Amino acid sequence: QVQVVESGGGLVQPGGSLTFSCAASGFRVEHYAMGWFRRGPGKERAGVLCISDGGSINNYVDSVKGRFTIARDNAENTVYLQMNNLRPERTAVYYCAANLTSRATNSGYGTWGKGTKVIVSS
């Protein structure tokens, strides 16, 4: 079945780092746009970073620039979100998604993971 599964969430202290993994099955990640999204407490889900089939990267949130990095390992068919210098306001459920229907990176994400939660707290 076509799916993406996130892993790597947990509790981390402010200033710490985490890396989320998004393991894909049923398709190759290098052939489609892949994105990371998040939903913070009391907030709507919003895009964080995405990577196109060609490897172009776009950030949706200026606050993560230089702190978060999206990466793709084609051999492992996995997309990663590396998060450095985490702040409490980054506490959220993070989702991986794939756009399997078009080449757009800012829309069309129809294949979603269940999400993985990060709590940034002392």
Side-chain angles (χ1 to χ4, degrees):
Q1 183 177 355
V2 172
Q3 65 177 14
V4 293
V5 180
E6 309 97 333
S7 62
L11 176 65
V12 63
Q13 293 186 350
S17 299
L18 284 175
T19 299
F20 290 164
S21 297
C22 174
S25 59
F27 69 98
R28 300 300 306 180
V29 297
E30 67 268 27
H31 293 166
Y32 301 94
M34 304 288 295
W36 284 98
F37 301 77
R38 68 185 176 199
R39 181 189 287 122
K43 300 179 180 179
E44 296 183 353
R45 186 166 61 191
V48 179
L49 285 167
C50 67
I51 183 169
S52 74
D53 57 340
S56 298
I57 297 171
N58 185 44
N59 65 290
Y60 296 102
V61 183
D62 286 341
S63 63
V64 309
K65 192 173 184 179
R67 299 177 181 270
F68 287 13
T69 303
I70 189 170
R72 186 178 68 198
D73 188 325
N74 297 341
E76 296 295 327
N77 206 30
T78 299
V79 176
Y80 303 92
L81 180 67
Q82 182 178 350
M83 302 170 288
N84 299 323
N85 194 22
L86 285 163
R87 299 174 177 177
E89 57 265 33
R90 300 280 77 82
T91 294
V93 177
Y94 286 75
Y95 300 86
C96 177
N99 181 356
L100 304 183
T101 60
S102 78
R103 299 187 66 186
T105 57
N106 60 353
S107 63
Y109 292 96
T111 301
W112 292 85
K114 301 297 183 182
T116 186
K117 187 175 184 178
V118 58
I119 300 175
V120 185
S121 176
S122 298

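Model, not experiment: these values are computed from the prediction.
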Suppose the criterion is disulfide (SG to SG under 2.5 Å): which pairs have a residue in residues 75-122, not counting sequence neighbours?
Cys22-Cys96
Quick check: does any side chain N or O of Arg38 sit under 3.5 Å from a backbone N or O of Gly47, one acting as donor and the other as acceptor?
no
Whether Arg72 side chain and Ser52 backbone form a donor-acceptor pair below 3.5 Å
yes
Can you tell me how far CG of Leu81 sits from OG1 of Thr69, rounded to the nearest 0.5 angstrom?
8.0 Å
Side chain to side chain contact (heavy atoms under 4.5 Å, CB included) between Thr78 and Val29, intermediate numbers included
CA-CA 7 Å; Thr78 299; Val29 297; over 6 Å; no
What side chain to side chain donor-acceptor pair (under 3.5 Å) pairs are there with at least one residue in residues 103-122, not counting sequence neighbours?
Asp53-Arg103
Does anything in residues 72-98 pair up under ring pair (Phe, Tyr, Trp, His ring centres under 6.0 Å), and if so which pairs, sequence neighbours excluded?
Phe20-Tyr94
Scan residues 2-21 for pairs that pass side chain to side chain donor-acceptor pair (under 3.5 Å), counting only residues two or more places apart or in two chains.
Ser17-Asn84
How would you list all residue pairs meeting ring pair (Phe, Tyr, Trp, His ring centres under 6.0 Å) that involve residues 56-76, not counting sequence neighbours?
none
Using a 3.5 Å distance criterion without hydrogens, assess whether the side chain of Asn99 forms a donor-acceptor pair with backbone atoms of Tyr32.
no
Which atoms form the tightest heavy-atom contact between Gly26 and Val2, and what is the distance?
O-CG2, 3.8 Å
Is there a donor-acceptor pair closer than 3.5 Å between any side-chain N or O of Asn77 and the backbone N or O of Phe27?
yes
Residues Ile70 and Leu49: closest non-hydrogen pair is N-CD1, 3.7 Å
Working to the nearest 0.5 Å, report the span between CZ of Arg90 and CD1 of Ile119.
15.0 Å
Quick note, disulfide (SG to SG under 2.5 Å) partners involving residues 32-65, not counting sequence neighbours, are none
What distance separates Met34 CE from Glu30 CD, expressed to the nearest 0.5 Å?
10.5 Å
Which distance, rounded to the nearest 0.5 Å, do you find between the CD1 of Ile57 and the CD1 of Ile51?
4.5 Å
If I take atom CZ from residue Arg39 and atom CD from residue Glu44, how far apart are they, to the nearest 0.5 angstrom?
9.0 Å
Side chain of Thr91, backbone of Glu89: donor and acceptor closer than 3.5 Å?
no
